[in-house]
Amino acid sequence: MESGMISVDKWSSGSQVYFLTHLHADHTVGLSSKWKRGLLYCSRDTARLFPTKFPDFNLSLIRVVEIGCWHSLSLVSPTSGSATTVYVMAIDANHCPGSVMYLFRGEFGCMLYTGDFRWEKSRNTFEVGRTMLLNALKNEKLDILYLDNTYCNPRFSFPSREVAAREIVDIITAHPEHDIIIGIDSLGKEDLLLYISRTLNMKIWVWPERLQVMHLLGFPDVFTTKTSLTRVRAVPRYSFSIETLECLNTVRPTIGIRPSGLPWAMKAVKANGNVFGSSRSTSGLNKSNENTDIANGSQTHEPNEDLRSVEKSHEYIYTVPYSDHLCFAEIQEFIELLRPIKIKGIVSSLSFNIDPCYFFRHLCGTKQAIWRLHQTLDNDERLEKVGTVDIKSTIPGSFSVAGRKRKKVQLVNRVSLLRKLGHGVRIADS
DNA sequence: GCGATCAGCT
DNA sequence: CACAGCTGATCGC
């Protein structure tokens with residue numbers, strides 16, 4: 001059996017300690033109420049929410065990592081077998097309540113695992129997080145960055161959540177006689193609901209389990225399970241469909257709002273056949289940035305803060321690019337700030353390319369020799385090669401990595417295989 | 001019968 | 001397409 005030191009969002013055996021970035025289901029594949037493989041480190045909010053997801057979990061195994069503080073762990077070096085100390089700091093990831101990124105320092109070097117995150121300059125806590133990260137790094141190099149590359153392609157461009165939230169409020173205001181339903185998940189988008197509530201001075205209906213989550217997180221008392229108190233309801237995304245909307249409209253005029261970055265990403269893919277295809281306007285409402293040369297490193301990519309990006313995809317449905325993952329421009333800013341030696345995406349794709357190395361290798365520290373090897377290859381070949389560079393040769397102590405895979409639908413067998421892979425990383429295997 | 005995993009859907 | 005997730009079927013103990 002493999003032995004290792006630390007796993008992040010990865011729950012197979014063989015590590016000494018385990019870290020969880022946030023409680024979304026695709027990061028907890030393999031975790032269960034019967035967990036007993038070792039200590040589980042997470043943020044305070046995640047710890048607070050833990051029993052709602054894993055009711056019989058042995059809470060004595062949970063260790064809270066306070067945000068912004070260095071924590072030390074006494075572990076056993078998988079290479080030498082002797083005691084070694086690892087330091088870790090959690091930093092707010094602004095993805096969903098409790099979500100954090102982890103910065104590790106140890107014999108393996110310095111690594112940052114972002115988990116899912118967003119990096120919005122306009123957010124009022126942005127400077128706090130940025131300063132925390134830079135102070136923690138001091139002047140030391142970041143050996144490896146495990147990055148949320150969900151939307152790592154210049155075509156994936158959407159505004160800040162602040163802008164998207166205003167658009168959502170505008171839609172609600174423009175429908176004063178309508179009921180409104182908003183599709184959300186079991187965790188995330190709370191800030192959007194609070195913004196709607198504050199701006200329009202109304203309560204928001206949520207389903208009972210969701211109300212419990214709101215209470216556990218200490219949100220203000222603007223959420224209710226009483227339908228009569230409000231015309232705005234946040235409903236589980238899985239129960240949000242055209243059929244649902246049509247059914248509701250037989251009773252009362254109702255519109256649905258889908259907050260998601262995904263349709264914009266997908267539209268870019270669909271309009272061009274692939275993400276590297278020639279630029280073409282996809283809609284009068286949504287103009288993605290027309291930048292195909294990012295890989296050469298000569299251009300910057302500013303977010304579209306002022307575009308009208310609401311899409312009416314159906315008579316009753318508005319889709320708004322409110323994304324809890326960072327867009328391409330934010331990825332670029334994040335990498336330019338940190339200048340890691342090596343980048344590894346935590347999402348790998350079979351259907352279209354989102355490899356951060358393809359777009360940002362010119363921003364990486366000292367790995368030019370490796371990239372140079374591939375410079376004579378054509379684009380397609382290079383794309384395959386850079387994704388498989390073995391980082392074990394670059395980091396003392398060695399890492400072992402498993403990425404979260406995106407699914408490709410045509411190949412059914414492949415899909416079930418990929419499902420097993422899940423998320424996460426284990427560091428410092430022997 | 002139970003939990004874990006998988007298929008299929010949005 | 002599939003962010004993150006649900007339901008229901010099937011598998012293994």
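Chain letters run A, B, ... following the sequence lines, proteins first and then strands; every chain starts at 1. This is a predicted model, so every value here is computed, not measured.
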Problem set entry | Salt bridge present between A:D148 and A:R118 (N-O < 4.0 angstrom) | no
For this session: Measure the distance from CG on A:D324 to C1' on C:dG5 and round it to the nearest whole Å.
Result: 14 Å
Exercise. Rounded to the Å, how far apart are A:W11 CH2 and B:dA4 P?
Worked result: 15 Å
Exercise. Can you find a donor-acceptor N/O pair under 3.5 angstrom joining the side chain of A:S260 to the base of C:dC3?
Worked result: yes
Problem set entry | A:K34, nearest nucleotide to its side chain (from B:dG3, C:dA4, C:dT7) | B:dG3
Exercise. Any idea which of C:dC3, C:dG5, B:dA4 is nearest the A:S32 side chain?
Worked result: B:dA4
For this session: May I have the distance from A:L187 (atom CG) to C:dC6 (atom C1'), rounded to whole angstrom?
Result: 16 Å
Exercise. Could you walk me through whether A:F19 and A:Y41 pass the ring-ring contact (aromatic ring centres under 6.0 Å, His included) check?
Worked result: CA-CA 5 Å; A:F19 283 77; A:Y41 290 80; 4.9 Å; yes
Problem set entry | Plane angle bin for A:H325 and A:Y151 - parallel if under 30°, tilted between 30 and 60°, otherwise perpendicular | perpendicular
For this session: Return the value, rounded to whole Å, for the distance between atom CD of A:E209 and atom C1' of C:dG5.
Result: 14 Å
Exercise. Charged N to carboxylate O below 4.0 Å: is that the case for A:R44 and A:E66?
Worked result: yes
For this session: Specify the residue among A:P236 and A:P259 whose closest nucleotide of DNA chain C lies further upstream toward the 5′ end.
Result: A:P259
For this session: Ignoring the backbone of A:Y151, work out which of C:dC6, C:dC3, C:dG5 is nearest its side chain.
Result: C:dC3
Problem set entry | Spacing of A:F54 atom CZ relative to B:dA4 atom P, expressed in whole Å | 10 Å
For this session: Identify which nucleotide among C:dC3, C:dA4, C:dC6 has an atom closest to any side-chain atom of A:D116, counting heavy atoms from C-beta outward.
Result: C:dA4
For this session: Grab the NZ-P distance between A:K189 and C:dA4 for me, whole Å please.
Result: 8 Å
Seminar exercise, completed: Contact check, residues 179-186 of chain A vs DNA chain C, heavy-atom distance under 4.0 Å, returns A:D185, A:S186
Exercise. Can you tell me if the side-chain N/O atoms of A:H95 get under 4.0 Å from OP1 or OP2 in C:dA4?
Worked result: yes
Problem set entry | d(CZ, A:F240; P, C:dC6) in whole Å | 17 Å
Problem set entry | Residues which pass side chain to side chain contact (heavy atoms under 4.5 Å, CB included) with A:L229, listed by chain and number, not counting sequence neighbours | A:K203, A:T224, A:K226
Problem set entry | Ion pair check, A:R210 and A:E190, cut-off under 4.0 Å | yes
For this session: Give a yes or no on whether a salt bridge exists between A:D92 and A:R123, defined as a side-chain N under 4.0 angstrom from a carboxylate O.
Result: no
Exercise. Once you round it to whole Å, what is the distance between C1' of C:dC3 and CZ of A:R237?
Worked result: 5 Å
